[in-house]
Amino acid sequence: MKRENAAKRYYKNNMIIVIAVFAPLVFLSYLLPLSFIISRGPDYAILWIFPIIMTIAPLPFIIYYAAQYIHYANVYFTEIQMAEVFDCDTIQKGRFGPFIGFFVRIQHKGKTATVCTKHVHQRADGYIGSRVEVGFDPKRYEWIVLE
C-alpha cells in the first residue's frame, strides 16, 4: 500500500535545499560573463565556461535526490504494522550531522523480531519509547517509519 513516509520527506527536503542553494548561484554566474561581453566585446567569450560548470555541478545531486524521492513516493509497503521504538542507531555524517534510524520490535511470521529502520531522521525527539507505524519496502529490503 502507498503511504506517506519519512524517507520521501527527507529526500524531498534535500532536493529543495540543493535547488534553493544552487539556483541563485547559477543565475549570478551567468551575469558575470554577460557583463564582460556587453562592456568589452566578444573577447571574453571564454568566461562562459564558469556558468556552464555551475549549471552542471549540482545536476548529479538533484538527479539523485529526485530519483530517491520518486522511488519513496511510489513505493508500496508490505507488512505495515505498529511497532515500539526502543532504541536508535546514529550514523555521523560530518558536516551533514547525524542520521538516525530506529530499532523497533515487529511481529514477523508469528515471532517478535528487532529491525532497524532507514536512517533518514535528524533527531530522535519524541520517538524513543513510542509506538510508530512502520512498513517494509520489498524492493530495497528496508523498514521505513510511516507518517
Side-chain angles (χ1 to χ4, degrees), residues 1-37 45-147:
M1 174 189 324
K2 261 169 102 168
R3 299 286 301 269
E4 291 295 316
N5 60 76
K8 174 184 166 185
R9 184 186 70 221
Y10 168 77
Y11 288 112
K12 180 176 121 184
N13 290 344
N14 282 348
M15 182 174 55
I16 290 170
I17 289 169
V18 168
I19 291 171
V21 167
F22 278 100
L25 293 174
V26 169
F27 176 73
L28 291 174
S29 71
Y30 278 95
L31 292 180
L32 177 70
L34 193 60
S35 66
F36 273 104
I37 289 172
I46 190 83
L47 291 175
W48 285 106
I49 292 175
F50 180 66
I52 292 170
I53 291 171
M54 282 298 292
T55 304
I56 294 172
L59 283 180
F61 301 102
I62 294 169
I63 291 169
Y64 170 75
Y65 286 128
Q68 296 299 319
Y69 172 74
I70 290 168
H71 169 76
Y72 287 110
N74 296 315
V75 69
Y76 285 94
F77 292 102
T78 60
E79 300 183 43
I80 297 172
Q81 57 187 286
M82 293 298 289
E84 176 191 350
V85 176
F86 65 91
D87 198 4
C88 65
D89 181 39
T90 304
I91 297 174
Q92 209 52 14
K93 292 281 189 169
R95 68 174 180 247
F96 298 111
F99 289 100
I100 299 173
F102 299 107
F103 287 108
V104 294
R105 290 189 182 102
I106 60 164
Q107 295 295 322
H108 182 66
K109 296 180 182 176
K111 296 181 181 179
T112 302
T114 300
V115 296
C116 185
T117 63
K118 185 164 181 64
H119 291 76
V120 292
H121 297 275
Q122 298 293 322
R123 295 183 308 272
D125 299 342
Y127 282 102
I128 305 297
S130 66
R131 293 184 59 78
V132 296
E133 198 168 20
V134 296
F136 182 71
D137 178 4
K139 289 183 181 175
R140 297 197 177 169
Y141 302 104
E142 54 192 10
W143 289 88
I144 299 172
V145 175
L146 304 178
E147 300 173 344

Checking side-chain contact (heavy atoms from CB on, under 4.5 Å) for the pair L28/L31: CA distance, chi angles, key distance, verdict? CA-CA 5 Å; L28 291 174; L31 292 180; 4.0 Å; yes
Contact check, side chains of [X] and [Y], non-hydrogen atoms, under 4.5 Å:
X	Y	answer
H108	E79	yes
I19	Y65	no
V104	T114	no
F102	V132	no
N14	K12	no
V134	T117	yes
P51	V26	no

Atom CD of residue position Q92 - does it have more than 12 heavy atoms of other residues, nucleotides or ligands inside 6.0 Å?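 Enclosed: over 12 neighbouring heavy atoms sit under 6.0 Å from CD of Q92.
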Would you say F86 has more than 12 foreign heavy atoms packed within less than 6.0 Å of its CZ? yes
Might you point out which heavy atoms bring [X] and [Y] nearest each other, and give the distance in Å?
X	Y	result
D89	C116	CB-SG, 4.0 Å
Q122	P98	OE1-O, 3.1 Å
A73	K8	CA-CD, 3.8 Å
A83	I106	CB-CG2, 3.9 Å
P58	T55	CD-O, 3.5 Å
A20	P24	O-CD, 3.1 Å

Distance-only donor-acceptor hits, side chain of residues 140-147, under 3.5 Å, sequence neighbours excluded:
unit_1	atom_1	unit_2	atom_2	d
R140	NH1	Q68	OE1	2.7
R140	NH1	Y72	OH	3.4
E142	OE2	Y72	OH	2.3
E147	OE1	R9	NH1	3.4
E147	OE2	R9	NH1	2.0

K139 bridged to D137 by N-O distance under 4.0 Å: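 Here K139 does not pair with D137 in a salt bridge, since their nearest N and O are not under 4.0 Å apart.
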From CE (M15) to CD1 (I62), nearest 0.5 Å: 9.0 Å
Here the gap from Y69 atom OH to N13 atom CG, rounded to the nearest 0.5 Å, amounts to 10.0 Å
Ring centroids only, cut at 6.0 angstrom: are Y10 and F99 within range, meaning strictly under it? yes
I100 and H119: side-chain contact (heavy atoms from CB on, under 4.5 Å), yes or no, with the steps? CA-CA 5 Å; I100 299 173; H119 291 76; 5.7 Å; no
Q107: partners by side chain to side chain donor-acceptor pair (under 3.5 Å), with sequence neighbours left out: T112
